[in-house]
Amino acid sequence: MDDCISSLLSQVLNVAYDNGIAVIMKPFHHSDTPPCADCDTRTIILNSNWYERNALPMHAAHEMEHILNGDTGTLYYHNCYTKYGSEGAANRGAVEILVPLYFADVEPEDANSQQFMDSLCIPNSLEGCVDTTIRDFYSEK
């Protein structure tokens, strides 16, 4: 994970802390052990040994969104491609968390949605959401 992604992950975790969400980040034995949100205890658990380390900011934001959305129970990150239900809502909310952090110092003419998605391992199924969120970010700036 490069310094830019590491810094972004720190910023996302700070958003979690600011919202009273605890974070446990530990290296699981298997690199494909997914992150999860325990909504009842307001805790997210991240696998620091995840095989796509650049995906950790998206995972953290996604799991945090489950809690912020009022979901219940323990939810595992298992279908990052869905656009519907609580998983879809968590994906959209994660993008809404990540965009202002990622593009904070980027001029509108330099904003590149595909680079954003590629660098954070965001699936192409979220392209429309990403484009809309970036456009909204710059229109409000």
Side-chain angles (χ1 to χ4, degrees), residues 1-28 30-141:
M1 180 172 12
D2 67 27
D3 289 342
C4 179
I5 301 299
S6 180
S7 173
L8 183 61
L9 178 58
S10 293
Q11 292 175 62
V12 171
L13 297 181
N14 283 335
V15 172
Y17 298 136
D18 290 347
N19 283 280
I21 298 170
V23 176
I24 298 171
M25 190 162 180
K26 61 186 263 184
F28 286 90
H30 296 285
S31 65
D32 62 348
T33 300
C36 72
D38 183 336
C39 298
D40 300 330
T41 64
R42 296 183 61 84
T43 303
I44 62 174
I45 301 170
L46 301 172
N47 180 359
S48 62
N49 191 34
W50 187 253
Y51 66 96
E52 290 180 314
R53 294 190 42 80
N54 285 5
L56 289 174
M58 177 63 178
H59 288 190
H62 174 96
E63 299 307 335
M64 181 174 30
E65 271 301 306
H66 277 302
I67 295 167
L68 295 175
N69 290 343
D71 295 337
T72 58
T74 301
L75 303 167
Y76 291 88
Y77 191 82
H78 67 282
N79 189 351
C80 62
Y81 301 104
T82 189
K83 295 180 182 181
Y84 307 105
S86 64
E87 291 300 317
N91 283 335
R92 290 187 299 277
V95 168
E96 291 171 4
I97 289 169
L98 292 168
V99 163
L101 299 174
Y102 185 93
F103 290 101
D105 298 324
V106 177
E107 294 300 321
E109 62 272 9
D110 296 326
N112 184 319
S113 62
Q114 194 60 53
Q115 181 181 354
F116 167 73
M117 292 174 65
D118 291 346
S119 67
L120 298 177
C121 307
I122 296 173
N124 286 333
S125 61
L126 294 173
E127 183 176 11
C129 173
V130 167
D131 290 342
T132 300
T133 304
I134 292 171
R135 188 173 41 256
D136 291 350
F137 169 71
Y138 283 108
S139 70
E140 294 169 4
K141 203 170 180 186

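Residues D136 and V99 have side chains not in contact (no heavy-atom distance under 4.5 Å, counting atoms from C-beta outward). No side-chain heavy atom of D38 sits under 4.5 Å from any side-chain heavy atom of I45. Put simply, the side chain of N124 reaches to within 4.5 Å of the side chain of Q114, judged on heavy atoms. Between L98 and P57 the shortest side-chain heavy-atom distance falls below 4.5 Å. Between L120 and L8 there is a side-chain heavy-atom pair separated by less than 4.5 Å.
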Test L56 against I5 for side chain to side chain contact (heavy atoms under 4.5 Å, CB included), laying out the working first. CA-CA 9 Å; L56 289 174; I5 301 299; over 6 Å; no
Starting from the C-alpha separation in whole Å, work towards a yes-or-no answer on side chain to side chain contact (heavy atoms under 4.5 Å, CB included) for N49 and H30. CA-CA 7 Å; N49 191 34; H30 296 285; over 6 Å; no
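Residues L75 and C39 come closest through the heavy atom pair CD1-SG, 3.9 Å. Smallest separation of non-hydrogen atoms from L126 and M117: C-CE, 4.3 Å. The shortest heavy-atom contact between P34 and W50 is CA-CZ3, 3.6 Å. Counting all heavy atoms, side chain and backbone alike, I24 lies closest to T43 at CD1-CG2, 3.9 Å. Closest of all the heavy-atom pairs between N69 and A90 is ND2-N, 3.9 Å. Across every non-hydrogen atom of D40 and G73, the tightest pair is OD1-N, 3.5 Å.
Expressed to the nearest 0.5 Å, how far OG1 of T41 lies from CD1 of I21 amounts to 10.5 Å. Note that CD1 of I97 and CZ of R92 are 13.0 Å apart. Values are rounded to the nearest 0.5 Å. Taking OH of Y17 as the start and CE of M64 as the end, the distance is 10.5 Å to the nearest 0.5 Å. Rounding to the nearest 0.5 angstrom, the gap separating the CE atom in M25 from the NE2 atom in H59 is 11.0 Å. With rounding to the nearest 0.5 Å, the separation of CD in E65 from CD in E63 is 10.5 Å. Atom-to-atom distance recorded for H66:NE2 and T72:OG1 is 11.0 Å, nearest 0.5 angstrom.
A perpendicular orientation is assigned to the rings of Y138 and F103, their planes being inclined by more than 60° (bins at 30° and 60°).
A donor-acceptor pair is defined here as one N or O able to donate and one able to accept, closer than 3.5 Å; no such pair exists between the side chain of S7 and the backbone of D3.
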